[in-house]
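Here is how names work: the chains are called A, B, and so on, in the same order as the sequence lines, proteins then strands, and each is numbered from 1. Since the structure is predicted, the reported quantities are computational estimates derived from the model, not experimental observations.
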Amino acid sequence: MLNDEKSLNFIEEIIEEDIRNGKHGGRVLTRFPPEPNGYLHIGHAKSIVLNFGLAQKYMGKTNLRFDDTNPVTEETEYVESIKNDIKWLGFQWAEELYTSDYFETLYGYAVKLIKKGLAYVDDSSSEEIAASKGTPTEPGKPTPYRDRSVEENLRLFAEMREGKYPDGAKVLRAKIDLANPNMHLRDPLLYRIKHAHHHRTGNKWCIYPMYDFAHGQSDSIENITHSICTLEFIPHRPLYDWLIEQLEIFPSKQYEFARLNLNYTVMSKRKLLQLVNEKYVDGWDDPRMPTISGLRRRGYTPASIRNFCERIGVAKRENIIDVGLLEFCIREDLNQTAWRRMAVLDPVKLVITNYPAGKTETLIGENNPEVEGGEGERSIPFSNELWIEREDFMENPPKKFFRLAPGLMVRLKHAYIIKCDEAVKDSEGNITEIRCTYLPESKSGEDTSGIKVKGTIHWVSVPHAKTAEVRLYDRLFNVENPAAEENFKLTINPESLQIIEKAYAEPDLLNAVPGKGYQFIRKGYFTLDDQQSTPDHLVFNRTVTLRDTWVKEMNRE
RNA sequence: UGCCCGAUAGUAUAAUGGUAGUACGACAGAUUUUGGUUCUGUUUGUCUAGGUUCGAAUCCUGGUCGGGCAACCA
């Protein structure tokens with residue numbers, strides 16, 4: 001335990017500095033502020049782990065606040081899925097809050113600004129406003145409504161609320177500085193008219209605050225000490241601070257970190273929504289989606305995702321993380337926890353010619369070799385006819401092929417050593433059967449044969465095999481950064497899902513439970529598809545393959 | 001060509017003026033009844049040019065490159 005101290009990320013440094021200085025009495029309150037307009041994805045997980053993790057580390061709390069200021073895109077379905085995903089990840093919020101809870105307060109803030117001469121009602125169209133803002137290199141010009149009196153602004157704003165005007169007829173704007181080099185300070189919009197039904201406030205309101213007039217104030221209302229968001233909000237910070245100062249409310253501070261990007265996937269809710277709506281995937285929880293629900297259905301564990309989020313770190317530099325790291329994290333977890341089972345995905349029959357036909361033997365296999373005691377064991381039926389993987393036999397093998405080929409010996413996992421004698425082919429030359437002889441004295445656990453073999457293969461007894469559908473997933477996109485493409489949908493990997501209708505599984509897999517990971521020995525980690533698997537029709541999703549240095553060796557040529 | 005943010009191995013991330021480290025990857029070997037796991041070792045880095053300093057990844061200046069900003073989205 002020497003120098004075991006983990007280094008701090010820049011936000012932790014800020015917080016520790018604040019605590020040292022007694023800021024807010026050492027109190028730490030963060031918040032996770034999703035907009036309920038889509039499902040959470042792995043990028044949100046980074047933010048969740050950061051916000052909740054910080055609170056845990058510094059004995060603070062985290063609020064869950066739904067940023068629901070745009071009624072046309074937000075739905076209760078999303079609220080429920082978001083709460084479910086956060087809980088599944090293992091976090092508990094202090095309070096469940098909604099920006100819409102503050103609509104009345106926010107309205108009051110707007111009135112206060114108007115009274116201070118710092119906000120005005122503008123009748124210009126959105127095009128006119130955009131044009132009057134100028135460009136980054138040219139200052140903007142005032143619209144004809146900028147110098148309305150306080151009284152007139154108060155009256156018009158009240159009428160906006162009363163529903164006297166149609167959508168788009170008027171907006172409320174802050175009166176700041178039309179020449180500011182920061183475009184966000186050129187009289188930003190505060191309120192717009194939307195005669196739309198809100199998922200929580202119903203038809204009570206027809207004006208809704210913009211993000212910039214809601215987010216910072218909501219933080220302030222909740223006394224959030226550290227408001228953590230992503231880099232694109234950096235230019236909003238001066239406005240965030242300006243509003244807090246003018247409104248004379250609790251001074252929350254905003255800090256920005258670089259969002260997570262993962263290669264071979266897309267992370268924007270807009271693009272994910274397209275994949276769902278246009279049926280490129282089977283819903284938000286399709287196992288190929290980078291959503292929390294997709295990863296869950298794929299077999300990822302909360303611990304593996306939390307771990308991943310901690311390993312990638314937190315900084316301000318743009319980054320693209322290799323999915324290989326995510327895969328490492330789930331393998332690391334599942335290697336320790338998944339129960340081992342045998343299943344044959346691409347079967348070919350193997351007959352043991354010197355083993356009595358019709359005889360059945362019951363063999364024993366531990367559930368988990370990584371744990372002391374193996375977490376118990378299961379029995380595995382054995383007979384003279386087995387299914388093995390087609391790829392485990394080669395007629396003319398390369399030098400270091402440690403599997404079956406005429407004359408070669410391997411061990412059948414948990415069973416006997418066998419020697420391959422011949423392969424039987426059909427008229428077209430396809431191998432239909434592999435014939436072997438076994439060494440009776442080589443039984444697993446009581447081997448007196450003295451023979452050592454290099455290879456061990458998995459198998460399933462033909463008369464005892466249970467069939468299962470197995471779904472093999474691969475990356476959804478063929479390019480590292482689909483979002484950079486003209487049309488990201490053109491780079492979708494057509495082989496991202498391979499369905500094996502009829503794989504053979506050892507009988508104990510009938511006892512598989514949803515949510516648990518299983519290692520199909522030598523093939524990968526799998527989990528029951530909790531949406532579609534039934535006792536009569538098992539469906540397994542492949543979470544991730546095992547590392548495979550043999551494939552790598554073969555590809556090297 | 002206005003403002004803002006950033007730049008350390010292939011990818012991330014640390015070093016807070018004093019030996020450039022860690023993880024993943026890659027490579028090599030050992031162990032192995034999973035070509036898995038585990039273990040050992042190796043490889044690869046401070047964008048650039050100046051300046052300050054006994055000493056610079058770190059501070060200063062210029063440049064280069066990357067990203068963001070002109071939604072009645074968040």
Original post:
Ion pair present between A:Asp392 and A:Arg522, side-chain N to carboxylate O less than 4.0 angstrom?
Top reply: yes
**OP:** Can you sort out the partners of A:Ile11 under side chain to side chain contact (heavy atoms under 4.5 Å, CB included), two or more places apart, ordered by chain and number?
**Re:** A:Asn9, A:Ile15, A:Leu50, A:Leu54, A:Ile228, A:Phe257, A:Val314
**OP:** Just jot down the side chain to side chain contact (heavy atoms under 4.5 Å, CB included) partners of A:Thr69, sequence neighbours excluded, or say none.
**Re:** A:Asp67, A:Thr99, A:Phe103, A:Pro209, A:Ala214
Subject >> For A:Phe233, all residues meeting ring-ring contact (aromatic ring centres under 6.0 Å, His included), sequence neighbours excluded >> reply: A:Tyr211, A:His236
Which pairs of donor and acceptor atoms, one on a side chain in residues 166-173 of chain A, lie under 3.5 Å apart (sequence neighbours left out)?
unit_1   : atom_1 : unit_2   : atom_2 : d
A:Asp167 : OD1    : A:His195 : N      : 2.8
A:Arg173 : NE     : A:Asp122 : OD2    : 3.4
A:Arg173 : NH1    : A:Asp187 : O      : 2.9
A:Arg173 : NH2    : A:Asp122 : OD2    : 3.2

Subject >> Where protein sits on nucleotides 28-35 of chain B, one letter per nucleotide: B base, S sugar-phosphate only, - none, heavy atoms under 4.0 Å >> reply: -----BBB
Subject >> side chain to side chain contact (heavy atoms under 4.5 Å, CB included) against A:Pro347, all qualifying residues, sequence neighbours excluded >> reply: A:Val344, A:Trp387, A:Tyr504
Original post:
Can you name the ring-ring contact (aromatic ring centres under 6.0 Å, His included) partners of A:Phe308, sequence neighbours left out?
Top reply: none
Subject >> Watson-Crick and G-U pairing of RNA chain B written in dot-bracket, each distance under 3.5 angstrom, with | for inter-strand partners >> reply: .((((((..((((....[..)))).(((((.......)))))....(((((..]....))))))))))).....
**OP:** Using whole Å, report how far CZ of A:Arg237 lies from P of B:C3.
**Re:** 17 Å
**OP:** Would you mind classifying the nucleic acid contact of A:Ile417 as base, sugar-phosphate or nothing, using non-hydrogen atoms under 4.0 angstrom?
**Re:** nothing
**OP:** Starting at the 5' end of nucleotides 67-74 of chain B, put B wherever the base has a protein heavy atom under 4.0 Å, S where only the sugar-phosphate does, and a dash everywhere else.
**Re:** S-SBSBSB
Original post:
Considering residues at least two apart in sequence or located in another chain, which fulfil the salt bridge (Lys or Arg N to Asp or Glu O under 4.0 Å) criterion with A:Arg192?
Top reply: none
**OP:** Just jot down the side chain to side chain contact (heavy atoms under 4.5 Å, CB included) partners of A:Ala158, sequence neighbours excluded, or say none.
**Re:** A:Tyr107, A:Glu162
Original post:
Whole Å only: how far is the CG atom of A:Asp333 from the C1' atom of B:G36?
Top reply: 16 Å
Original post:
What pairs with A:Tyr255 under ring-ring contact (aromatic ring centres under 6.0 Å, His included), at least two apart in sequence or on another chain?
Top reply: A:His226
Original post:
Looking only at atom C1', what distance separates B:G21 and B:A57, rounded to whole Å?
Top reply: 13 Å
Original post:
Can a side chain N or O of A:Lys316 be found less than 4.0 Å away from OP1 or OP2 on B:A7?
Top reply: no
